[in-house]
Structure formats: structure tokens, C-alpha cells
Amino acid sequence: MTSHGEVYELPLARMAVEVYALRFWERLCPGTTPQIYRWDDERKLLIMEDLGRLRLWSESILERRRFPEVAKRLGKFLGTTAFYTSEFFLDLEEKKLLQATFADGQTKPFWNHLFFQSAMLTPPLEAVNPLVRGELAELCALSPVRREVERLQERYAWQRQCLIHSDLHTSNIFAGEGEIKVFDAEYATYGPVAFDLGRLLSSLVLSYAALYAKNDVAEAEKRAYQAYLLDVIEEIYQEFGDSFQTAWEEHFGESNPFQSPYNRFSRQERLVDTLGFIACASVGRLCDAGLPFDFKELTDPQVRAAGQRLVLRLAEELLLCGKKMTEINELTACLRRLVQA
């Protein structure tokens, strides 16, 4: 695995982490992960479901395809698995056992380097499109931005709220009509509930920004698909909250939904952290070596820079003003405003 030109070798033991995570999530949210038919831990032999009927969601987004059920299914997957791997459902010993099973290993240091340290605190400017280096440097030099990134970095490092995928983006999800399959879970670990939300929504933000810059698509088609992407962002986030609440009420009953100790999972705190993780994860993918498919398609540096500037402007707003936002539609409204500016 590579990051900013550096090579990270994952130990084979990480395969076991992925198998355990996929099996566990499948029990919690059936139909959302590939079926594991055979796992030989000693020989590291894995046989899993053939998903040839599906395509990577990122590829379908490049082709501007729509799958009406994907957002709802992903939101349900995230909300359900978050609740049932948290201390609201598990007793202390059960949670400790799961944390030990999904010990951090190389997970936390890797993503800390990629999305906090290298992305924002010590960015490798020489590895970024020269046309946006100055703007990236200015953003990362702002004291309030650095303080917010450091706050998010600390929350990622120390919060153990639930089992998270850690690398959940549109290229780690197979999608089709009425079906999703989440995979590539070798980084699964215990972390903040908002991290997977931020990571996934950032990949949709990047697709939105790349499409904004793309100059070979009819304007009406571009606007229609941008609106679709914003709807998907809102639906994933809202469905997460609905599914978490449903799991809560099924476990505790409807008489006391979202009371303390749910405050630690409070909606406002979760939103602020999600917006911050969106910003860090999005900026972390601007490096030439880490560009998502959408931006790799933009081979003209000038065209690519237009999309990258949109990402940088959004990141600045989210890191400086995210604490004032109270609903996910303020994120999508912000994107619309920045495009029109």
C-alpha cells in the first residue's frame, strides 16, 4: 500500500482482521458484506463470494450511474454496526474482547499520518499539483485550522466508541441495483463513530469536486448528477441517525430514546466531527500519489486545480465554521454556494 510515494507493507495478519470484521458485520447487518466460504488462518487462504455481478461504486459514479438504494443501505450499515459494537449494547468485558480482537496494529498510525499529519499539519507540498500548492500551504498555516486538525487527530487516536472500517470509501464498496457489499476491511479497529462517516462522505465530496471541474460534460448533465451526489450525502448521514435510533429503541425501548449516556454520541458532536473528518480526508487525497479515480481522469493540471481548489475552500469552511453547523444539509448548501461563487 502506498501513501504520498511511501510504501507501507501490511502484515498477513491483517487478513484475519478483515475476515473477522466481515463475518461480524454480516451477522449484524445481513447482506452487506461478501460471504466468506473458507478461511485458513494458518495458510492465510481465503475463499469468498464472487461479486462479478456488481461493480465498484466509484466506477459507477464515474459513469454517472444512479442506484436509489445505495445511500439508505450504507447509512443503515453504519448506524446498525455502530450501535451493536458500542458500549450501549455490549457490556464492558465484551467490548474489551472486541477491542483486543481488532487491536490497532498499524491502523491508527497509518491514517493519522495520511489524514492529519501529512495532509494538514506537515503537507508534502512538492507532491501536490503546483497550481494549488500555495493555497494548500496557506490553509495549513492557519492557526485555527491547525488547532481543529489537532483536536480531530486526538479524537481519532483515543476514542474507542465502536468498530469502524477505517477505509470506507466508494472504491471499497461494490454496488448494484438494490445491493451493496462493503469489503477491504483489513484496517478495521475501534475508533470514533464519525470517522467512517467522514471518510465515506469525503469520497463523495471529491467526486462532486472532480465533476465540477470536468469540462467535457454537458452542463445540465453535470448539475443533475451533482445534485444526486448531494442527495446521497444527506441520505447516508440521515439514515445513519435513523438506524442508530432504531437499534437503540429495539434494545432500550421507546420510552427513553437519546437520553444520557447517548450524549457522548450526541448528534451535534457527531456532526462536527464528521465535517472535520470530511475536510481532513478530502485534503489528504489531493496528493498526486493518492488521487481518487475522479481526479486522475483530470489530466490537465488547470482542470484538476479547479476541482482541488473547491476541496480546499470547503475544507477551510468546515474546519473554521463546522462547529456552527447543526444539520448535514448545511454541508451540501455550503458546496452549492462555493460552486456558484
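Note that the structure is a prediction, hence the values are computed from the model and not measured.
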Got a donor-acceptor contact below 3.5 angstrom from the [X] side chain to the [Y] backbone?
X	Y	value
E18	Y187	no
D196	H165	yes
R73	I180	no
T32	C29	yes

One thing to verify: whether [Y] and [X] come together as a salt bridge, which I'm taking to mean a side-chain N less than 4.0 angstrom from a carboxylate O.
X	Y	answer
E239	K72	yes
R151	E148	yes
E126	R133	no
D273	R270	no
D40	R43	yes

I'd like to know if the side chain of [X] pairs up with that of [Y] as donor and acceptor (distance under 3.5 Å, no hydrogens or angles considered).
X	Y	answer
Q117	N112	no
E234	T332	yes
R304	T299	no

Criterion side-chain hydrogen bond (donor to acceptor under 3.5 Å, both in side chains) on T170 and S58, from CA distance to verdict: CA-CA 5 Å; T170 55; S58 57; 4.6 Å; no
Contacts satisfying salt bridge (Lys or Arg N to Asp or Glu O under 4.0 Å) that involve residues 56-68 (not counting sequence neighbours) are R55-E59, R55-E63, R64-E221
Rounded to the nearest 0.5 Å, what separates atom [atom1] in [X] from atom [atom2] in [Y]?
X	Y	atom1	atom2	result
E327	E330	CD	CD	7.0 Å
F295	C287	CZ	SG	13.0 Å
F277	S282	CZ	OG	13.0 Å
L204	L335	CG	CG	11.0 Å
R53	E177	CZ	CD	13.0 Å
F77	L200	CZ	CG	10.0 Å

State which residues pass salt bridge (charged side-chain N to carboxylate O under 4.0 Å, His left out) with E297; sequence neighbours excluded, sorted by chain then number. K214
Hey, do the aromatic rings of Y156 and W111 have their centres closer than 6.0 Å? no
Are F102 and Y190 near enough that their ring centres are under 6.0 Å apart? no
Evaluate the ring planes of F116 and F195, with Trp represented by its six-membered ring, and classify them as parallel (under 30°), tilted (30 to 60°) or perpendicular (over 60°). tilted
Tell me, with the steps shown, if T107 and R14 meet side-chain hydrogen bond (donor to acceptor under 3.5 Å, both in side chains). CA-CA 10 Å; T107 296; R14 300 301 299 179; 2.6 Å; yes
If I compare all heavy atoms of G290 with all of R285, which pair ends up nearest, and what's the gap? O-NE, 2.5 Å
Using a 4.5 Å cut-off on heavy atoms from C-beta on, say whether the side chain of F115 contacts that of L152. no
Any side-chain heavy atom of L163 within less than 4.5 Å of one from W25? yes
Apply salt bridge (Lys or Arg N to Asp or Glu O under 4.0 Å) to residues R337 and E317 and explain how you reach the verdict. CA-CA 11 Å; R337 174 170 51 80; E317 293 234 6; 2.8 Å; yes
